[in-house]
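Within every chain, numbering begins at 1; the chains are lettered A, B, ... in the order of the sequence lines, protein sequences first and strands thereafter.
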Protein chains: 2
Amino acid sequence: MKQDKTYATGQNITADDVATAAGVSRWTVNRAFQKNASISAKSREKVMQAALALGYVPDMRASSLASSRSNLVALLVDDFSNPHKLVMMERLTRILRQNGWDTLLVNTLSRDDTDDALLNASQRRVDAVILIGIQFDDDVLKTARGAGQFRQLIIYARISQHPNTISIAVDDKHAMTEIAEYVLSRGYTRPMFLAGPLTYSAHLIRHETFMNFWKARTGCTPESIGVRAYDSQMAYDRVVKSLSGREPADFPDIIVCENDSLAIGATDALRHHFKLRVPEDIAITGFDDVPQAASPNYNLTTYRQPLTKMAEYLVEVLDNRASDSEDRLFNGHLVIRDSA
Amino acid sequence: MKQDKTYATGQNITADDVATAAGVSRWTVNRAFQKNASISAKSREKVMQAALALGYVPDMRASSLASSRSNLVALLVDDFSNPHKLVMMERLTRILRQNGWDTLLVNTLSRDDTDDALLNASQRRVDAVILIGIQFDDDVLKTARGAGQFRQLIIYARISQHPNTISIAVDDKHAMTEIAEYVLSRGYTRPMFLAGPLTYSAHLIRHETFMNFWKARTGCTPESIGVRAYDSQMAYDRVVKSLSGREPADFPDIIVCENDSLAIGATDALRHHFKLRVPEDIAITGFDDVPQAASPNYNLTTYRQPLTKMAEYLVEVLDNRASDSEDRLFNGHLVIRDSA
DNA sequence: CGTCATTTTGCACGCGCGTGCAACACATTT
DNA sequence: AAATGTGTTGCACGCGCGTGCAAAATGACG
């Protein structure tokens, strides 16, 4: 049944073909496909009919080349193990597309690869590069080849100190304060903080905020442990290692996690390794509200970022409709479930 | 600290600029950036140094326009709720990029949107469109505008009856037979099959295979239920509804799920709603081996698709190195854990 | 040192479309 | 009917690079 090896229908149809078919000039054809072009409704109609009949589709490579705007953004992602990335990618690509932007997905294999990934984006002359990852640090950006080719560099869901960069992120300080207030108000007294990689200052905010808050409000410095990646398995192992051999009295009564991946790993460790109950024996909080957090198995108390608002603001920035090019922090909200 | 509003370093540098700087013609410059170009090592060196000094990056829009090959593929994804999609996307983008292919990620919002998504890909003149989704059916493809613009249409991780299309997928029949053999060999006698959306024939294979196998080998027809989407929550609700009010003797002793998302929802339902143990009271099998399946919480017996091999074969097809343009089915392997 | 095979380089032309301006058509006003 | 204004259309030129071929440079060999 499968015959044709290619899916193509012969040679490409250009605006010229449509022009002769519609009895207008080529420029009128292209105008018909532009948004705010000066063209009469009548001739646009003629053009569109001819285009449909011929199966003409404008070539954005050529239009981009001529207009020097590509309506393309590169999305650099370096951590596919965190399920929250999937949520972010869905939201971003959806809202970008609804606003006329296409997305080039670049899988940044490792930290050393960032440079290559940026080069990749440059070659396509994307209008902006969006970074959603954890390995991108300011040094990499500074020395990146081809970094001069794109107009905007946007750090999404993270803060960056790098100049010429816009951060669109949740206000970690505000968010973590809200979590800490909640933890305190629920009467927990021996919290432990489970942090992710503490390589860059931007990652420290949640950690610092919680520690400072707790110290200021109770006088005590909470215990704190960390892992090298936002990975459930690592969190599991780390919690096991940290709590093994302790007297029950020395256990924390709640583990405040930097994100849901860690929280899930911690929960599994408490339940399956230590045979403890969550939240009865030890409570847990997370951050992100990944889909799994809502499952009856975890019922995780967590913090939801306003991803839609953030994506919409991103579009504003891309369209140069944003009032300024400063960083923008958003507030999400605490999602209270059973885990704490 | 953040001063410059744009990241651009003035106007674009073209091959001409590099040419004058290196003392060669523009064509030599471009040759230096081509793979198998006829150019001496000496002048390539000269060019590369000048290019580096000026920060020149070749413009793929122009090269694509001139050569009519874009080295770009569109990845159409329509179901971001399944965590396995994240795994597939990571593998695909990684291997594609390692082989010189860029990926345009198109979030296909709904079934009606497929047409628009394909149009989107056409406008960028991608060399191929890769479909990893469940909503794409043959009717949509038939009537798609702009479908004639790309050379190849590849259905990934699913079978399609559509001509002019290549499927790269796991051999569902073989895989499900392996699962069924295992279930039988472990002595289960009252299996229930939990299926996903049964809209297209391609989705029925796993279901049919299991049902036929069991009937042939035991003479009994297993019970079978289904949900409208590959969603854990739906699976949870469906299992609750199906088993509520039954006598314990009428419970299945194993639930064979079409994929891990459903298996996870089923597991949660058994544990949290019915307070049953998995696998002691009722066992579970899944399909895909999502990261979560390996967690100590689920320990899911499941089937892993050879995603790397599949992606590598995809590259072969894109490079026209594949022996033929027929569908290609791969075998994965059973991953035995505790859940069954 | 000359001849020929081979590699390397330069170039006219084209890929498909946008920009800015000039020419044109039409409706409105005096 | 002429003059004015508004909306619409056509066109020269350029965006940056690849293709195929011819000219030039290089190397091999007698």
Side-chain angles (χ1 to χ4, degrees), chain A residues 8 10-47 50-51 54-72 122-127 146 148-150, chain B residues 8 10-48 50-51 54-72 122-127 146 148-149:
Chain A
Q11 68 282 26
N12 294 334
I13 308 146
T14 80
D16 271 313
D17 303 329
V18 180
T20 56
V24 297
S25 73
R26 175 178 71 75
W27 292 271
T28 311
V29 172
N30 289 9
R31 276 199 190 88
F33 283 90
Q34 288 169 29
K35 196 75 183 180
N36 298 318
S38 155
I39 184 174
S40 68
K42 198 166 51 182
S43 42
R44 171 169 269 155
E45 180 63 22
K46 268 197 303 185
V47 168
L54 295 176
Y56 167 73
V57 176
D59 188 331
M60 292 204 61
R61 296 172 305 180
S63 81
S64 165
L65 192 58
S67 69
S68 69
R69 281 178 303 98
S70 59
N71 272 277
L72 223 203
S122 293
Q123 292 181 163
R124 299 282 175 190
R125 296 295 191 273
V126 298
D127 287 331
Q149 297 288 357
F150 36 82
Chain B
Q11 68 281 23
N12 295 333
I13 308 146
T14 79
D16 272 312
D17 304 329
V18 180
T20 56
V24 295
S25 72
R26 174 177 72 73
W27 291 271
T28 312
V29 172
N30 288 89
R31 277 199 190 90
F33 284 90
Q34 288 170 27
K35 197 75 183 180
N36 297 318
S38 155
I39 184 174
S40 67
K42 196 167 52 180
S43 43
R44 171 169 269 152
E45 180 63 22
K46 270 197 302 186
V47 168
M48 285 311 193
L54 294 176
Y56 167 72
V57 177
D59 189 331
M60 292 204 59
R61 297 172 304 181
S63 82
S64 165
L65 192 58
S67 70
S68 70
R69 280 178 306 100
S70 59
N71 272 276
L72 223 205
S122 293
Q123 292 181 163
R124 299 283 175 189
R125 296 295 191 273
V126 298
D127 287 332
Q149 297 289 358

Under 4.0 Å between any heavy atoms, over every strand shown, what does Ser68(B) touch: base, sugar-phosphate, or nothing? Just pick one.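 Nothing: the residue Ser68(B), judged by heavy atoms under 4.0 Å, touches no strand.
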Scan Thr28(A) against the nucleic acid and name what it touches under 4.0 Å (heavy atoms): base, sugar-phosphate only, or nothing.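 It contacts sugar-phosphate atoms only.
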Steps toward side chain to side chain contact (heavy atoms under 4.5 Å, CB included) verdict (Arg125(B), Leu72(B)): CA-CA 8 Å; Arg125(B) 296 295 191 273; Leu72(B) 223 205; over 6 Å; no
Protein-nucleotide distance (Lys42(A), atom NZ; dG7(D), atom P), rounded to Å: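 Going from Lys42(A) (NZ) to dG7(D) (P), I get 16 Å.
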Figure out the CD1/C1' separation between Ile39(B) and dT9(C), and round it to whole Å.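 Value for this atom pair: 9 Å.
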Which donor-acceptor pairs under 3.5 Å do side chains of residues 28-39 of chain A form with protein atoms, sequence neighbours excluded?
residue  : atom : partner  : partner atom : Å
Thr28(A) : OG1  : Ser25(A) : OG           : 3.1

Run the salt bridge (charged side-chain N to carboxylate O under 4.0 Å, His left out) test against Asp127(B) and tell me which residues pass, sequence neighbours left out.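 Checked Asp127(B) against salt bridge (charged side-chain N to carboxylate O under 4.0 Å, His left out); matches are Arg151(B).
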Can you give one letter per nucleotide of nucleotides 16-25 of chain C, 5' to 3': B if a protein heavy atom sits under 4.0 Å from the base, S if only from the sugar-phosphate, - if neither? BBBBB-----
Any residue meeting side-chain hydrogen bond (donor to acceptor under 3.5 Å, both in side chains) with Arg61(B), in chain and number order, not counting sequence neighbours: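 Arg61(B): side-chain hydrogen bond (donor to acceptor under 3.5 Å, both in side chains) contacts with Ser64(A), Asp59(B).
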Set of residues satisfying side-chain hydrogen bond (donor to acceptor under 3.5 Å, both in side chains) with respect to Ser40(A), sequence neighbours excluded: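 side-chain hydrogen bond (donor to acceptor under 3.5 Å, both in side chains) list for Ser40(A), sorted by chain: Ser43(A).
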May I ask you to test the Asn71(B)-Arg124(A) pair for a side-chain heavy-atom distance under 4.5 Å?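 Side chain of Asn71(B) against side chain of Arg124(A), heavy atoms only: contact under 4.5 Å found.
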What is the minimum heavy-atom distance between Ala50(B) and Val18(B), and which atoms define it?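 Closest pair (atom of Ala50(B), atom of Val18(B), distance): CB-CG1, 3.9 Å.
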For Ser40(A) and dT9(D), is the shortest distance between a side-chain N/O and OP1 or OP2 below 4.0 Å?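 For dT9(D), OP1 or OP2 has a side-chain N or O of Ser40(A) closer than 4.0 Å.
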Bend angle of the helix from dC1(C)-dG30(D) to dT30(C)-dA1(D), end axes from five pairs each (to 10°):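 For the helix from dC1(C)-dG30(D) to dT30(C)-dA1(D), the axes at either end differ by 30°.
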